[in-house]
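Structure first, commentary second.
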Amino acid sequence: MSERKRLRIVALLCRWCSYAGADLAGVSRTKYASDVLPIKVPCSARMDPQLVIRAFSEGADGVLLAGCHPGDCHYLKGNYKALRRFMLLKKYTSQMGIEDERLRLEWISASEGARYAEVVNEMSARVAKLGPLNWRREIPIET
Amino acid sequence: MKIGVYICHCGTNIAGVVNVKEVTEYASSLPNVAVARDYKYMCSEPGQNLIGDDIRQYGLDGVVVAACSPTMHEPTFQTAVSRAGMNPYMFQMASIREHVSWVTVDPEEATEKAKKLVEAAAARVSLQEPLAKRRIPVRQSVLVVGGGIAGIEAALKCADAGKKVYLVEKEPSIGGHMAMFDKTFPTLDCSQCILTPKMVEVVRNENIELLDYSEVEEISGHVGDFKVSVVRKPRYVDSTKCTGCGICSTKCPGKAPDEFNMGMSKRKAIYIPFPQAVPLKALIDRDSCLYYQKGICKVCAKFCTAGAIDFDQEPDHLSLEVGAVILATGFKPFDARRAREYGYGKYPNVITSLEFERMTSSSGPTGGKLVLKDGREPESVAIIHCVGSRNVNDNLYCSKICCMQSLKHAHLLKEHIPGVTVYDFFIDLRAAGKGYEEFYRRVMGEGTIMIRGRPALITDVPSAPVEKGKLVVVAEDTILSTVQRYPVDMAILSIGLEAGEDAKELARTFTCSRTADGFFLEKHPKLAPVSTPTAGVFIAGACQGPKDIPDSVAQAAAAAAEALAMMGKGYFELEPYVARVTEELCSGCGVCLNLCAYNALEKDPQTGLTKVVEALCQGCGACVAACPSNALDLDGFKTKQVAAELEGILA
Amino acid sequence: MKPESAKPKIAIALGATCSGCDYSLLDLGPSLLDVTDAVEIVYWPTGIDSKLEDLEAVEDGSIDLVLFDGAVVNEDNLEMARLCRKKAKSLVAFGSCGAYGGIPGLINTGSPKKILLEVYQGLPSRSDKSEPLKFEGEGALPKMLGQAYALDQVVDVDVYLPGCPPPLKLVSSLFGDVLSGKPIAKGTYYASSRSVCYECKRVKENKDIATLHRYHEIQPDPKRCLLEQGIICMGPATRGGCEAVCCNQNQPCRGCLGPLPNAEDSGSEMMSALASIVSLSNESKDSDYSAIFDDINDTIGSFYTFTMAKSLLGRRKVE
């Protein structure tokens, strides 16, 4: 096992583009960091900011949201909503002290297996530099 | 809840990296897991039987298979559990191949990741609910976009099966690129002779409605029930009156480069695209017409005995309803000007393979004579393969047809011009089809000089008296390992095939993905080459990737078969992923109502609350994520299910 | 009048509160007297002459209903919360502070001590002549906890009646149940399970916001939904039961009744809903989204005004 403490980065991937892109990375045997774990959703529009926040609160060190490129969404306009939600969510997480690199939105198409691997490796390295997040929802009472 | 977990070895694909025994043991320790097994090939019959037997023996109500990607085998296992009496949506797949064993270097890390994904899948299955596919009726009509050989073939097949076909072609005539060829390899069949009967059949077939000079503007709806809006561009000639006699053209003073002859000759402003055009009707090109440009002339109207000229014709908008769509929109030839080293556009006698095709045609710009721009016959010709293909500057892929086309051109040159010297410059020779290798031998036997080497440049600067007035092709003969200069009179660039100019727009309109090179993305490169991820939309021919005529025809028939299978069944089964409203939690705030791209949400006029129109819902979840009271949820991707998957990953 | 011993016993205790919740009982008007006649108030520092000893003196678990309003921010609050739990049969988190941490919950962007020092000693408006805060010895302030907590983050809570202050209808409902002798089940929430929008009389036409506005920047149409006019209203993500008094009086809802039953974190629910409908009819590949949320500089203050302590993240990152 590598020395570096293993991170948990959750990747929410849309079924038609980014999950297929990740599949392609697999089929092409492209190697990438093992601390990014995928969850498949039908569309990036299914990604609820509440789910992202829940991820951080339950121990995720980073969250990657991936969808189809603007204009190419399988469900026509879902990714635009995902983008707007991400923008507002980012303001919140920043205000709460969660570093910028821990929450990322990428557009990855079904043919971009190499890009998926690139993004995963990049994000894993950046989050590793910041260290585990270990979110504490409450400071436990001592007395 | 009793879950069965199955870890697949996939031979050594998974087991070679992931410690499958360890993962299986871990799985058996998870909550609700009644049985956990590992097996070499879960997708095989014995593998599937393992699951079936356990369902019966243990009374399992949930199954997790950790194996390849769900894109690969989710339907396989769903069918397997269904046959054993379990609802197929009480199933979840964890991809530990494409997402773990194939992409992770360290076996320990891979095993840990596999464990987490299995845990996540099991946690999710614990909260899954039985669901049932939705059946929707399928209209018995097809839209075929593109009237080249692939589109024509697909249209004829569907029409012969008794279905109504709308064939939309953006050019004024069908026939596509095949209509421009003279002879086809390897049989040297006359292209027009084999194509024209099919073109005529299209018009004669009472099930086909040909929408020539038309384009698709918009498409809405879903598989089984697409609503398409098509615009028929104005010809400024009434098709119902025009007899195709061509008198208008002979009288017309306006001139423009003839697109069909690749600009090598001129046509009139009012013209019939080519003699075998279908439909054989004239049209006016506004840019070269004196009436539209200067308000004068109108000679065509004067001479047209049928009174078919209509200068005020407006575009016609149509609305069609179809059950399936077949895209057969073809390709775009590589622009030879990008291959600057060959001087196309600079040297008049450097031409493209398509231009040469037109030259060989007896109805082409030179009446079938193979001549230089000054009218002389060439004494020597160079044919250069792979222009625009197989290189990092242009396109990495091989355009498949250029080698055979080049050999054909070599043969035609030898046939027409006794004593001509033909040099054929190739990188690798691809003659893989039926009769292709044999044709290659024949051409070699005719004396064409085959040189393995990609020319570096073509120049008109002579370095020796013999090169004066010639085009010099400079190339390394890699077999002889020498760089040579080959003086020739004419150079033919065998240009590659690229994705159509409008491929991007079409992909957007029809919700198709494209591969990195711009061609339409098929559902699976090996097993589903004519389907797309969008249900009801099929692809055929060169728009899916460069290919020759036999392959285009085969794909067209395949796409037709897919569409016919769907229409034959009469219904399509939609996935059960629909949004649902819990009425007691809905406050009628209306946040969701405008979010649906499919208009599947409406406000109940009596209660003011939101209602989901199930038949329209495509299950994307956009409304679900927006609902501020979580009154909306998505079957199959419920918030609690995704949250459980998340917890499993983070546990 | 019933003999004293047969009357239900109630107590109303205070944590870190503005005591607005206590005053909200006055909204009951004359019927407040019916309530006070029908119950025995063991302890209510705001309303009757009672001392801490009165609360400490009764038997454990003997007070039928203890209402605790206020958040738990210092050790005094903590002690009071624990005492209330000890003495109560049924403990009610009364008001948004008790239920969710309320406005004190915003302390969780820092810590109680840090904010106390910043506000009472750090600001330039502080007079040099005032005495520094005392944390030790006589006259010392109560020891600060690490953050602000909602009541159920420190003790087990039976019933919730949120609101800032709790709306009249819900308060009446609670006391109605008390007076009727009906046992109040553990986990009861005195608030609607539908959002404020259900009770709001404004017309909802088209959720598609072109531009966001601060409340003072426009003259809102009194009949139209405020959110549709670009004013951030927490109504869609907030429990109703308040008869939408704020919205019906031209004030955007600030979310004091907290998240709906199926939603744990009302702030993120609202952010999702808002982001979905901003620039909706304009959305396309070429849309310039760069400035659409520029006006929102404080997502915590806008969306978690009352619920920060109980939100999924709970507090700003601990350094």
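Naming convention: chains lettered A, B, ... in sequence-line order (proteins, then strands); numbering from 1 in each chain.
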Which atom of A:Tyr75 lies closest to which atom of B:Gly619, heavy atoms considered
OH-O, 4.3 Å

Minimum heavy-atom distance between A:Arg85 and B:Ala625, given as atom pair plus value
NH1-CB, 3.2 Å

Hey, which of [options] has the most heavy atom pairs under 4.5 Å with chain B?
options: A:Lys81, A:Arg29, A:Lys77; result: A:Arg29
options: A:Glu112, A:Lys40, A:His74, A:His69; result: A:His74
options: A:Val120, A:Leu12, A:Asp61, A:Thr30; result: A:Thr30

Sort [X] into side chain, backbone, both or neither according to what part of it lies under 4.5 angstrom from a heavy atom of chain A.
X: B:Asn13; result: side chain
X: B:Ala597; result: both
X: B:Glu647; result: both
X: B:Arg97; result: neither
X: B:Ala626; result: both
X: B:Ile649; result: both
X: B:Ala643; result: both

Would you check if the side chain of B:Lys113 reaches a backbone N or O of A:Val36 as a donor-acceptor pair within less than 3.5 Å?
yes

Do the side chain of A:Lys31 and the main chain of B:Trp102 share a donor and acceptor less than 3.5 angstrom apart?
yes

Distance check, rounded to the nearest 0.5 Å: [X] atom [atom1] versus [Y] atom [atom2]?
X: B:Glu112; Y: A:Asp35; atom1: CD; atom2: CG; answer: 12.0 Å
X: A:Leu24; Y: B:Ser69; atom1: CG; atom2: OG; answer: 11.0 Å
X: A:Ser28; Y: B:Glu98; atom1: OG; atom2: CD; answer: 10.5 Å
X: A:Ile9; Y: B:Leu650; atom1: CD1; atom2: CG; answer: 11.5 Å
X: A:Asp23; Y: B:Ser95; atom1: CG; atom2: OG; answer: 6.0 Å
X: A:Ser34; Y: B:Lys116; atom1: OG; atom2: NZ; answer: 13.0 Å

Of all of [options], which one pairs up most often with chain A through heavy atoms under 4.5 Å apart?
options: B:Thr511, B:Thr104, B:Leu646; answer: B:Leu646
options: B:Leu117, B:Val100, B:Asn630, B:Leu521; answer: B:Leu117
options: B:Arg124, B:Met72, B:Arg514, B:Gln618; answer: B:Gln618

Portion of [X] that has a non-hydrogen atom of chain B nearer than 4.5 angstrom:
X: A:Val10; result: side chain
X: A:Cys73; result: backbone
X: A:Ser109; result: neither

Min side-chain heavy-atom separation A:Tyr19-B:Thr71 under 4.5 Å
yes

B:His99 ring center within less than 6.0 Å of A:Tyr32 ring center
no

Let me see the working for A:Arg15 and B:Tyr577 under side-chain contact (heavy atoms from CB on, under 4.5 Å), right down to the final yes or no.
CA-CA 13 Å; A:Arg15 174 179 176 188; B:Tyr577 309 130; 3.9 Å; yes

Quick check on B:Lys523: does its NZ atom have over 12 non-hydrogen neighbours (other residues, nucleotides or ligands) under 6.0 Å away?
no

Contacts with chain B made by residues 42-58 of chain A (heavy-atom distance under 4.5 Å), listed by residue number
A:Pro42, A:Cys43, A:Ala45, A:Arg46, A:Met47, A:Asp48, A:Gln50, A:Leu51, A:Arg54, A:Ala55, A:Glu58

